[in-house]
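Working notes, structure below.
For ligands, and for the atoms within them, numbers begin at 1 and follow the listed sequence.
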Amino acid sequence: MTMQDLTVIAASGIALPDQPFHGRHLISGHWQDSADAATFDRVSPAHGLVVSRSALGGAAEAQAAIAAARAAFDSGVWSRITGKARAALLLRVADLIEANVERIAVLETLESGKPISQSRGEVSGAADLWRYAASLARNITGDSHNTLGPDMLGVILKEPIGVVAVITPWNFPFWILSQKLPFALAAGCTCVVKPSEMTPSSTVMMGELLIEAGLPAGVVNIVLGFGQPVGTTLASHPDVDMVTFTGSTAVGKAISVAASATLKKVALELGGKNPQVIFPDADLDSAADAVTFGIYFNAGECCNSGSRILVHEDIAEAFVAKVTALSRQVAFGDPMNPDTQVGAMISPAHQGKVDAYVKAAVAAGAKVTLGGGALQVPGMGGQFYQPTVVSGVTPEMAIARDEVFGPVLACLTFCSMDEAVALANDAAYGLSAGVWSDSVHTCLDFARRVQAGTIWTNTWMDGFPEMTFGGFKQSGQGREIGRYGLEEFLEIKTVAMRIGRTRPNWVKTR
Ligand code: NAD
């Protein structure tokens, strides 16, 4: 493989900030360093330079943030105000996000390595999540029971669940925060947020916007640092009523275990090994483009990555050739260049893990039709991985089963609908799936039989705040966004009311 075979965007010379961004904890409305003044640095995965320096939180900071969130919740300053007032604040945050897109997007790209055009889209798109959540804040309703007899009325109330710990990953830091935080706030909860140690800064910027919007102190607190001890403290603390987590399945399981001692609610958005099934009667040009998008978007570091395709055997060879040809034209390289479509890998260790999957597949008999190794982008200091297509993959190979989380497409074949469904469901995960066919019957049959939280027919990765999202099997529990996303943050309370002095006495008085 030579670089001439790929579309590589060399270092564009766009000036980077001359000082690292300084992130601090937000606790009870105050920005603060850690008690011991410890910090940690983030090196840009594309440029090899320190781009942020953040306060390194410990158990003490996590506990202080939990106490602030608890006090704010119990005071009613947010949990007991009107939906109208909550909605007004969420709408102000949405406006502020739109006014700050560029500032947030640049830090997001520097910390994550993703293309600047994508960061701009994610940050401005996040404003819509806040607006949608604002609409829900005014529509929290329960049930009434008017058939319990003339002397009884039953009311089912929905109440905020309480203090919510929000733990987020590095791949879509601002977007995933916005899939959770405005919905928790719309419900009336107070929060402690812990962003990934790889990408803390856009969450700090969110904290600045919340203060500017007028959110009362303590309603949202932010603690920067690592899973151990900040995340573990949040997951196990008795004053936290719920943890909402997006990240790896392994950490999701650890959080479930840590949370079990207090039986707090746990909502998990975890990994995926998402199949796209391509039938011969599909629009194969559109399918090939969507497969290319699905595997290289965010360098494949995406829970919804379309990391395995199941292609009907009659068209498999031609289809993989089509995807390989398109893959050569995807612009890889300097993420600060607006033309770049795919940027850097998050860390050298992660890049090594991705490469090991490709090498193991080749050793097991699969064939690399494009890529298959690291890529030195001229003028850049970080780590990049070539767009990689692996064909001849069989279902038992790790590359067909594990979440590789890189720009690596695994191609398998099938010959009947039954086999396609069986292969699609032969995974520990069940996050999303896609089906390509001109027959609505084929699409519906597959959609109803596949075990996945989201199914796309003749498209890939379209999403809307209205359309709820979440996983089957080991891809998670609970749902985000949409109406169900709000429900996650609500507790249900039954109020049984007697009308008049009609209650018969229990004690038989003598
Ligand atoms: P990760 O699980 O390593 O870390 C996620 C967060 O958990 C980070 O903030 C981390 O500091 C924290 N953490 C780590 N150990 C912890 C512990 N023991 N207790 C509490 N918190 C802890 O995940 P990542 O590498 O940041 O993100 C990649 C993973 O996220 C992938 O598996 C991907 O599929 C998944 N993901 C899922 C979705 C979805 O919606 N389903 C979306 C994006 C990413």
Criterion salt bridge (charged side-chain N to carboxylate O under 4.0 Å, His left out) on Glu488 and Lys180, from CA distance to verdict: CA-CA 10 Å; Glu488 288 289 326; Lys180 297 175 184 292; over 6 Å; no
Pair Asp241, Arg70 - check salt bridge (charged side-chain N to carboxylate O under 4.0 Å, His left out), show working. CA-CA 10 Å; Asp241 300 297; Arg70 181 83 262 160; 2.9 Å; yes
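At a heavy-atom cutoff of 4.0 Å, ligand 1 is contacted by the side chain of Leu431 but not by its backbone. Contact annotation for Thr168 and ligand 1: only backbone heavy atoms (N, CA, C, O) come within less than 4.0 Å of the ligand. Using a 4.0 Å cut-off between heavy atoms, Glu480 makes no contact with ligand 1 at all. Under 4.0 angstrom from ligand 1, the non-hydrogen atoms of Pro195 all belong to its backbone. By the criterion of a heavy-atom distance under 4.0 Å, neither the backbone nor the side chain of Leu234 is placed next to ligand 1.
Scanning all protein heavy atoms for the shortest distance to atom 1 (P) of ligand 1 gives Ser248 OG, 3.6 Å. In terms of protein heavy-atom proximity, atom 35 (C) of ligand 1 is closest to Gly247 O, 3.0 Å. Protein heavy atom in closest approach to atom 39 (C) of ligand 1: Cys303 SG, 3.2 Å. In terms of protein heavy-atom proximity, atom 15 (N) of ligand 1 is nearest to Val251 CG1, 3.6 Å. For atom 18 (N) of ligand 1, the nearest non-hydrogen atom of the protein is Thr232 CG2, 3.7 Å. If you check which protein heavy atom lies closest to atom 41 (N) of ligand 1, you get Leu270 O, 2.6 Å. Of the protein's non-hydrogen atoms, the one nearest atom 13 (N) of ligand 1 is Gly227 CA, 3.5 Å. The protein heavy atom nearest to atom 26 (O) of ligand 1 is Trp170 CD1, 2.9 Å.
Between Glu301 and Lys114, no side-chain nitrogen of the basic residue sits less than 4.0 Å from a carboxylate oxygen of the acidic one, so the salt-bridge criterion is not met.
None of Asp334, Ile9, Leu375 except one satisfies the side chain to side chain contact (heavy atoms under 4.5 Å, CB included) rule with Met380; the exception is Asp334. Tested against Trp130 for a side chain to side chain contact (heavy atoms under 4.5 Å, CB included), the candidates Ile97, Leu96, Leu209 yield a single pass: Ile97. Evaluated for a side chain to side chain contact (heavy atoms under 4.5 Å, CB included) with Leu210, the options Leu26, Ile222, Val93 yield exactly one hit, Val93.
Tyr385 approaches Gly372 most closely through the heavy-atom pair OH-C, 3.4 Å.
Taking only nitrogen or oxygen atoms, main chain and side chain alike, Lys194 reaches within less than 3.5 Å of ligand 1. Between Glu197 and ligand 1, at least one N/O pair is under 3.5 Å apart.
Taking every heavy atom of Asn171 and a limit of under 4.0 angstrom, the matching atoms of ligand 1 come to 43 (C), 44 (C). If you number the atoms of ligand 1 from 1 as listed, the ones under 4.0 Å from a heavy atom of Glu403 come out as 31 (C), 32 (O), 33 (C), 34 (O). Under a 4.0 Å criterion applied to the non-hydrogen atoms of Thr246, ligand 1 contributes the atoms 5 (C), 36 (N), 37 (C), 38 (C), 39 (C), 40 (O), 42 (C), 43 (C), 44 (C). The Phe469 neighbourhood of ligand 1 comprises atoms 40 (O), with distances under 4.0 Å to a heavy atom of that residue. Using a 4.0 Å cut-off to heavy atoms of Ile176, the atoms of ligand 1 that qualify are 42 (C), 43 (C). Near Ile255, meaning under 4.0 Å from any of its heavy atoms, are these atoms of ligand 1: 19 (N), 20 (C), 21 (N). Shown in contact with Gly271 at under 4.0 Å from a heavy atom are these atoms of ligand 1, numbered in order with element: 34 (O).
Between Gln118 and Glu108 the shortest side-chain heavy-atom distance does not fall below 4.5 Å. Counting only heavy atoms from C-beta outward, the side chains of Asp462 and Trp456 approach each other to under 4.5 Å. Met345 is listed as a side-chain neighbour of Val354, based on a closest heavy-atom distance under 4.5 Å. Side-chain contact between Glu491 and Lys265 is absent, with no heavy atoms from C-beta onward closer than 4.5 Å. Proximity of Thr454 to Leu431: side-chain heavy atoms (C-beta onward) are nowhere separated by under 4.5 Å.
Within the 3.5 Å criterion, the main-chain N or O of Ala235 finds a donor-acceptor partner in the side chain of Lys264.
Remark: among candidates Gly453, Ala254, Gly231, the nearest residue to atom 20 (C) of ligand 1 is Gly231, based on non-hydrogen atoms.
Counting only heavy atoms, the protein never gets under 4.0 Å from atom 4 (O) of ligand 1.
The shortest heavy-atom distance from Phe405 to ligand 1 is under 4.0 Å.
Using the six-membered ring where Trp is involved, Phe405 and Trp170 have ring planes that are perpendicular, over 60° apart on the 30 and 60° scheme.
Annotation for Tyr484: atom OH does not count as buried by contact number, only 12 or fewer foreign heavy atoms lying within 6.0 Å.
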